[in-house]
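The sequence lines fix the lettering, A, B, ..., with proteins before strands; numbering per chain opens at 1.
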Amino acid sequence: MTQQEYENMELLRFTTAGSVDDGKSTLIGRLLYDSKSIFEDQYETIKKTSERRGEEGVNLALLTDGLKSEREQGITIDVAYRYFSTPKRKFIIADTPGHIQYTRNMVTGASTANVALILIDARNGVMEQTRRHAIIASLLQIPHVVVCVNKMDLVEYKEEAYEAIKDEFSNWASKLDVKDVHFIPISALNGDNVVDKSENMPWYGGTTLLYYLENVHIGSDHNLIDVRFPVQHVIRPYNDEFHDYRGYSGRVAGGVMKKGDKVTILPSGFTSTISKIDTYDGELEQAHAPMSVTVLLEDDIDISRGDMIVRENNQPEVSQDVEIMVSWFNERPLQLRGKYTLMHTTKECRCIIKDIQYKLDINTLHRNLEDKDVKMNDIARVTLRTTKPLFADSYRRNRITGSVILIDEGTNETVGAGMII
Amino acid sequence: MNYQLNHLRELESESIFVLREVAAQFENPVLMFSGGKDSILMSYLAMKAFYPAKVPFPLLHVDTGHNFPETIEFRDNWVKKIGAKLIVGSVQEAIDKGMVVEEKGVNASRNGLQTAVLLDELEKGKFDAAMGGARRDEEKARAKERFFSHRDEFGQWDPKNQRPELWNIFNGKKHFGEHFRIFPISNWTEMDVWMYLAMEKVELPNLYFAHERDVFDRDGILLANTDYIEKKPNEKIVKKMVRCRTIGDMTCTGVWESQATTIEDIITEVSTTRVTERGGRADDKRSETSMEDRKIKGYF
């Protein structure tokens with residue numbers, strides 16, 4: 001591979017969710033195997049294990065086997081990250097369990113994904129689990145959803161079976177907030193339409209799954225409109241060469257920042273102009289999400305971690321009262337009037353849960369106004385009051401400036417993840 | 001105007017974000033430096049992250065005393081180049097003091113002893129965050145590791161009770177006496193590391209490039225000839241053109257027959273190789289879950 005080729009590769013993150021039976025592990029194994037991302041020693045190990053267990057052929061699902069405890073129980077408990085690449089793209093798979101008791105893991109995997117891969121067993125059609133995965137993809141605002149109707153070999157590769165499922169899913173998903181849905185009939189076990197086009201389904205004129213993953217347009221997945229630069233760390237070299245250097249480093253969370261831009265600093269409200277966008281590799285004329293850069297300003301203003309640099313005429317909501325959809329992660333239920341540490345971009349403060357409005361049924365989208373007991377894996381709409389104002393956008397507009405995590409003040413555990421409404 | 005970064009720049013940006021987050025959230029972080037390409041990459045990214053200021057944390061090398069001499073030479077030049085402070089923890093000293101006991105037998109390795117010395121150094125230096133160059137693609141237990149990995153006061157990893165990590169918000173909160181292991185290059189694969197080092201023209205230890213060396217075959221793995229390894233009677237020393245794919249202890253790092261003398265050759269070789277880089281690590285071959293077991297005890 002030449003330097004020019006790998007310098008043109010892009011990164012795509014996708015999430016999968018599923019249970020033991022729907023063929024998720026087989027599909028991932030198939031993608032890894034057919035894209036030649038499996039090494040001989042890995043293949044030999046699973047071949048031996050398959051033989052020892054008396055299985056027919058090599059069980060590709062074993063490639064995604066994880067921790068000892070998971071192998072003993074035959075399930076995926078946690079999020080496992082897997083990697084493969086083609087000459088066009090590098091892929092990061094966040095592989096998560098699909099059962100309702102692991103909703104929090106699915107939410108975690110979905111939080112950074114460009115694409116959600118949803119599997120449907122062609123024999124069973126749209127099940128509760130399918131709906132749950134789609135709802136999570138919608139809540140977490142995954143930009144693209146690809147629905148794989150799997151096990152087509154078990155319905156004799158019939159077009160009607162595929163079309164019926166496609167219609168059923170489309171009708172139901174119309175009430176979700178997913179913009180880009182794509183369908184592909186596959187057999188993960190036999191490899192139909194995964195990497196190579198199937199000869200068993202001549203009626204299907206679309207692309208294979210890998211072709212879709214290699215070509216889906218992800219250039220607009222980041223917000224490129226609203227300039228948001230959460231200050232992460234202040235760089236002061238304290239040496240002769242850079243005596244007066246004061247740079248604000250961070251990762252652009254939205255928009256395109258340019259040298260010479262008039263900016264406002266939150267929370268102080270002071271204004272200045274970007275004098276330099278600096279990196280180790282030299283000065284840049286502009287920077288966009290998700291670049292990590294160091295910004296210098298013309299004026300000497302007191303700025304520290306947790307502050308945010310924005311454009312004068314395009315500012316986030318500055319408020320201490322925040323409405324969020326919270327996904328609860330902890331065995332100890334969410335406490336009404338409870339106090340938690342809150343992290344939002346690079347800012348940290350405390351918050352109190354002022355109100356629990358409703359609990360969302362993750363299988364049906366039904367809003368439960370009576371039962372407000374928010375336990376592990378529940379998703380609920382709550383109102384917070386924070387000790388310091390947040391500089392927030394709605395999660396729909398920006399996944400970085402629209403997200404928060406809640407931390408238990410006693411145990412320091414991350415207990416909840418919130419999406420600002 | 002194209003606003004899409006290539007995959008190497010996106011990985012770079014993510015790792016720089018994590019490194020800066022460590023400097024911001026912890027009082028006394030340290031970067032684990034082994035002399036291998038992953039820790040070279042990590043410290044190179046740290047230099048970028050804080051430019052033009054100096055890297056705001058020291059590098060810690062746990063020297064087993066069984067390192068390739070080339071590793072030590074490279075290490076000393078590298079820290080000067082990136083302008084960082086170096087701390088060396090010595091396994092030999094720990095053995096001499098009776099803190100740990102050396103393994104015996106033909107497959108004896110000081111790999112396991114590193115953990116005790118590492119934990120001791122972390123305690124001595126009162127470090128609250130130790131950054132490691134582990135990658136999730138290396139091994140199945142590492143596939144589930146977090147960027148910010150919480151450790152109790154014994155340095156242990158509890159795989160079933162890890163903190164969820166969402167978006168790019170990292171929770172580094174801890175109780176007194178606890179610390180964090182941090183893995184800034186979690187999402188890089190072996191191939192990504194090579195491509196990036198080639199793109200950036202980063203200097204590397206010559207062990208990675210093909211050279212002639214005395215080696216012998218043990219259970220299908222080629223090991224460099226050294227006094228540190230007790231040879232079995234049937235193990236014959238031969239001269240071969242070899243290179244390292246990973247750099248660890250001489251006692252457990254396999255070398256590979258190779259003609260790759262440039263980084264471009266290595267990229268070609270890696271892209272056609274059908275065996276994982278840890279396939280040559282004797283320490284991983286002890287049992288199916290050896291990495292998971294070692295990590296639980298505090299290994300990286």
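Remark: B:Asn171 CG to A:Asp408 CG distance equals 10.5 Å, nearest 0.5 Å. Going from atom CD of B:Glu10 over to atom CG of A:Leu12 covers 9.5 Å, rounded to the nearest 0.5 Å.
For A:Glu348, the part lying near chain B is the side chain, with the backbone staying farther off; criterion is any non-hydrogen pair under 4.5 Å. If you measure heavy-atom distances from B:Ser15 to chain A, you find no contacts under 4.5 Å at all. Only the backbone of B:Phe170 comes within less than 4.5 Å of a heavy atom in chain A; its side chain stays farther off. Looking at B:His175, both its backbone and its side chain come within 4.5 Å of chain A, counting heavy atoms on both sides. Neither the backbone nor the side chain of B:Glu178 comes within less than 4.5 Å of any heavy atom in chain A. A:Ile405 touches chain B through backbone and side chain together, each having a heavy atom under 4.5 Å away.
No side-chain donor-acceptor contact under 3.5 Å links A:Gln232 to the backbone of B:Ala24.
In terms of non-hydrogen atom pairs under 4.5 Å with chain A, the most contact-rich of B:Lys54, B:Arg9, B:Met47 is B:Met47. Per-residue heavy-atom pair counts under 4.5 Å with chain B were compared for A:Asp281, A:Val415, A:Asp221, A:Thr341, and the maximum is reached by A:Asp281. Counting heavy-atom pairs under 4.5 Å between each of A:Glu413, A:Arg236, A:Lys90, A:Glu10 and chain B puts A:Lys90 at the top. The candidate from B:Arg146, B:Glu14, B:Glu200, B:Glu12 with the greatest count of non-hydrogen atom pairs under 4.5 Å with chain A is B:Glu14. Contact tally against chain A (heavy-atom pairs below 4.5 Å) for B:Arg20, B:Arg163, B:Lys48: the top residue is B:Arg20. Taking chain B as the reference chain and counting heavy-atom pairs below 4.5 Å, the highest number among A:Thr346, A:Val107, A:Asn330, A:Val404 is found for A:Val404. Contact tally against chain B (heavy-atom pairs below 4.5 Å) for A:Ile218, A:Asn8, A:Thr294: the top residue is A:Ile218. Of the listed residues (A:Ala253, A:Gly418, A:Ser220), the greatest number of heavy-atom pairs within a distance under 4.5 Å of chain B belongs to A:Gly418. Contact count against chain B (heavy-atom pairs under 4.5 Å) is highest for A:Pro237 among A:Ala110, A:Ala113, A:Pro237, A:Ala417.
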- request: Take B:Leu166 and A:Phe329 through the side-chain contact (heavy atoms from CB on, under 4.5 Å) test and state the conclusion after the steps.
  value: CA-CA 12 Å; B:Leu166 299 100; A:Phe329 287 171; 3.3 Å; yes
task: Begin with the C-alpha distance, continue with both residues' side-chain angles, and end with the deciding distance and a verdict on side-chain contact (heavy atoms from CB on, under 4.5 Å) for A:Arg13 and B:Asn187.
output: CA-CA 11 Å; A:Arg13 298 171 203 253; B:Asn187 276 332; 3.4 Å; yes
task: Could you check B:Leu5 against A:His288 for side-chain contact (heavy atoms from CB on, under 4.5 Å), going step by step and ending with a plain yes or no?
output: CA-CA 9 Å; B:Leu5 298 181; A:His288 57 85; 4.0 Å; yes
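A:Arg251 has its side chain within reach of B:Ser13: a pair of non-hydrogen atoms, C-beta onward, lies under 4.5 Å apart. At a threshold of 4.5 Å between non-hydrogen side-chain atoms, the residues B:Gln25 and A:Arg305 count as touching. Put simply, the side chain of A:Tyr83 does not reach to within 4.5 Å of the side chain of B:Met191, judged on heavy atoms. B:Ile169 places a side-chain heavy atom less than 4.5 Å from the side chain of A:Ser403. Within the 4.5 Å cutoff, no side-chain heavy atoms of A:Thr345 are placed close to those of B:Trp167. Using a 4.5 Å heavy-atom threshold, the side chains of B:Pro52 and A:Tyr245 count as touching.
A:Phe242 CZ: more than 12 foreign heavy atoms inside a 6.0 Å radius. Counting non-hydrogen atoms of neighbouring residues, nucleotides and ligands closer than 6.0 angstrom, the NZ atom of B:Lys81 exceeds 12 such neighbours.
A donor-acceptor pair shorter than 3.5 Å cannot be found between the side chains of B:Asp192 and A:Tyr6.
Nearest heavy atom pair, residue B:Ala53 against residue A:Ile235, reads CB-CG2, 3.9 Å. In plain terms, the two heavy atoms of B:Gln4 and A:Leu11 that are nearest each other are NE2-O, 4.5 Å.
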